[in-house]
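First the structure, in the form of structure tokens, and then the observations on it.
Just so it is clear, the structure is predicted and the values come from calculations on it, not from any experiment.
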Amino acid sequence: MAELKERIVESSLYLFEQHGFHGVTVNDIVQHSQTSKGGFYHHFQSKDELLFMIHDTFITYVLAKADEAISTYDKPALQLHAIIQSFVKVFDLYKPHISVFYQESNYLKPHFDQLIKRKRDQFKQRIFQVIQQGQSSGEFRASLPAEITGMSILGMVNWTYKWYQKDGEKSIEEIAHTFSDIILQGILTPSAKDNPELNHLFQQHPAHK
């Protein structure tokens with residue numbers, strides 16, 4: 001059953017990318033995924049719910065990874081580093097999902113749209129909280145407005161979907177390291193940069209492909 005559900009999702013990702021949400025029918029998805037209408041409706045109540053699940057998959061992933069980073073590390077700098085790493089890597093893991101999200105998100109029904117916005121806001125708040133805690137602990141520069149700093153990180157990383165290519169010159173690990181380096185070098189205090197627990201973050205360069 002899980003295999004069939006995944007096949008339906010993969011077919012819909014391909015078809016939505018090619019023809020747009022309104023250009024694809026349930027019959028098109030059924031035919032492309034080589035299933036039946038019964039098979040489709042066993043897993044999804046509608047094409048709208050399918051679009052929601054495509055969006056929800058990667059947002060749920062980054063939110064879970066942010067919570068994992070916060071519970072794993074006690075220093076805000078280490079938490080933020082881990083959040084950035086998983087956030088960047090989502091563009092490799094879920095590139096088709098994210099492409100469809102930006103292309104078709106306007107077609108989400110209001111109920112589903114609110115659920116997505118709630119999770120996106122939760123992820124944003126996690127980043128704000130880590131930055132604020134880092135400023136309180138003296139790891140991050142207190143002169144930087146926490147929300148503007150957080151929105152800068154979100155804007156910088158979110159744009160990755162526009163230019164990232166799986167077969168590009170740099171691996172997703174190298175790109176994630178570059179983002180972390182730029183962001184942390186910009187917001188860490190001088191004393192935090194000298195902290196042996198933190199300065200290794202700038203010395204770990206992933207191997208080239």
Side-chain angles (χ1 to χ4, degrees), residues 6 9-24 50-69 77-108 112-113 116-117 119-128 130-131 140 144-188 201-209:
E6 185 61 28
V9 170
E10 292 300 321
S11 290
S12 65
L13 284 169
Y14 173 80
L15 292 170
F16 290 162
E17 276 195 286
Q18 296 297 312
H19 308 291
F21 180 72
H22 284 307
V24 177
L50 174 57
L51 182 62
F52 162 73
M53 289 194 69
I54 288 170
H55 293 49
D56 188 60
T57 297
F58 70 89
I59 293 170
T60 299
Y61 175 86
V62 293
L63 184 57
K65 285 293 185 181
D67 288 337
E68 181 183 311
L78 297 175
Q79 293 171 348
L80 186 60
H81 177 264
I83 289 171
I84 293 167
Q85 294 294 300
S86 60
F87 187 16
V88 174
K89 289 174 185 176
V90 80
F91 293 93
D92 181 71
L93 292 169
Y94 295 109
K95 194 170 192 301
H97 295 69
I98 294 165
S99 296
V100 168
F101 172 81
Y102 285 108
Q103 180 178 301
E104 308 297 337
S105 59
N106 289 338
Y107 299 120
L108 276 174
F112 291 135
D113 188 45
I116 293 296
K117 284 181 177 176
K119 285 192 177 180
R120 289 172 68 83
D121 188 60
Q122 288 171 351
F123 180 63
K124 180 175 69 177
Q125 292 303 321
R126 298 292 193 282
I127 292 177
F128 289 173
V130 169
I131 292 169
F140 298 155
L144 298 173
E147 291 195 0
I148 294 176
T149 303
M151 293 305 293
S152 298
I153 294 169
L154 288 166
M156 184 188 303
V157 179
N158 270 327
W159 199 249
T160 305
Y161 93 96
K162 276 287 193 180
W163 53 263
Y164 171 67
Q165 297 293 330
K166 281 179 175 285
D167 59 352
E169 180 183 346
K170 299 294 184 183
S171 69
I172 197 67
E173 289 79 15
E174 290 174 292
I175 293 168
H177 175 82
T178 299
F179 274 123
S180 292
D181 200 351
I182 291 170
I183 293 164
L184 291 175
Q185 290 279 18
I187 71 173
L188 283 173
L201 297 176
F202 312 118
Q203 298 166 5
Q204 294 177 348
H205 295 271
H208 289 264
K209 292 195 296 185

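Although no hydrogens or angles enter the test, the distance criterion places a donor-acceptor pair under 3.5 Å between the side chain of Ser86 and the main chain of Ile83. No donor-acceptor pair under 3.5 Å is formed between the side chain of Asp56 and the backbone N or O of Phe52.
Annotation for Tyr14: atom OH does not count as buried by contact number, only 12 or fewer foreign heavy atoms lying within 6.0 Å. Counting non-hydrogen atoms of neighbouring residues, nucleotides and ligands closer than 6.0 angstrom, the OH atom of Tyr107 reaches no more than 12 such neighbours.
The distance from atom OG of Ser12 to atom CG of Leu51, rounded to the nearest 0.5 Å, is 8.5 Å. Phe123 contributes atom CZ, which lies 10.0 Å from atom CG of Asp67 (distance to the nearest 0.5 angstrom). Between Gln18 atom CD and Leu13 atom CG the span is 11.5 Å, to the nearest 0.5 Å. Residue Leu80 holds its CG atom at 7.5 Å from OG of Ser180, rounded to the nearest 0.5 Å. For the atom pair CD1 of Ile127 and CG of Leu154, the computed distance is 4.0 Å after rounding to the nearest 0.5 Å.
Shown here are the side-chain contact (heavy atoms from CB on, under 4.5 Å) partners of Tyr164, two or more places apart in sequence or in another chain: Asp92, Lys95, Thr160, Lys166, Ile172, Ile175. When the salt bridge (charged side-chain N to carboxylate O under 4.0 Å, His left out) test is applied to Glu147, no partner is found at least two apart in sequence or on another chain.
Ring planes of Tyr102 and Tyr161: parallel class, angle under 30° (limits at 30 and 60°). Ring geometry, Phe179 versus Trp163: the interplanar angle falls from 30° to 60°, so the pair is classed tilted. Taking the six-membered ring where the residue is Trp, Tyr61 and Tyr94 present perpendicular rings, their angle passing 60° and hence far from 30°.
Considering only heavy atoms from C-beta on, Val9 stays 4.5 Å or farther from Met53 through its side chain. The side-chain heavy atoms of Phe16 and Ile54, taken from C-beta on, include a pair separated by under 4.5 Å. Val62 places none of its side-chain heavy atoms less than 4.5 Å from the side chain of Lys65. Two residues are said to be in side-chain contact when any heavy atoms from C-beta on lie closer than 4.5 Å; Glu17 and Glu104 fail this criterion. His81 is listed as a side-chain neighbour of Gln85, based on a closest heavy-atom distance under 4.5 Å. You'll find the side chain of Asp181 reaches within 4.5 Å of the side chain of His177, heavy atoms only. With contacts defined as side-chain heavy-atom distances shorter than 4.5 Å, the pair Ile183/Thr149 does not qualify. At least one side-chain heavy atom of Phe91 sits less than 4.5 Å from a side-chain heavy atom of Ile98.
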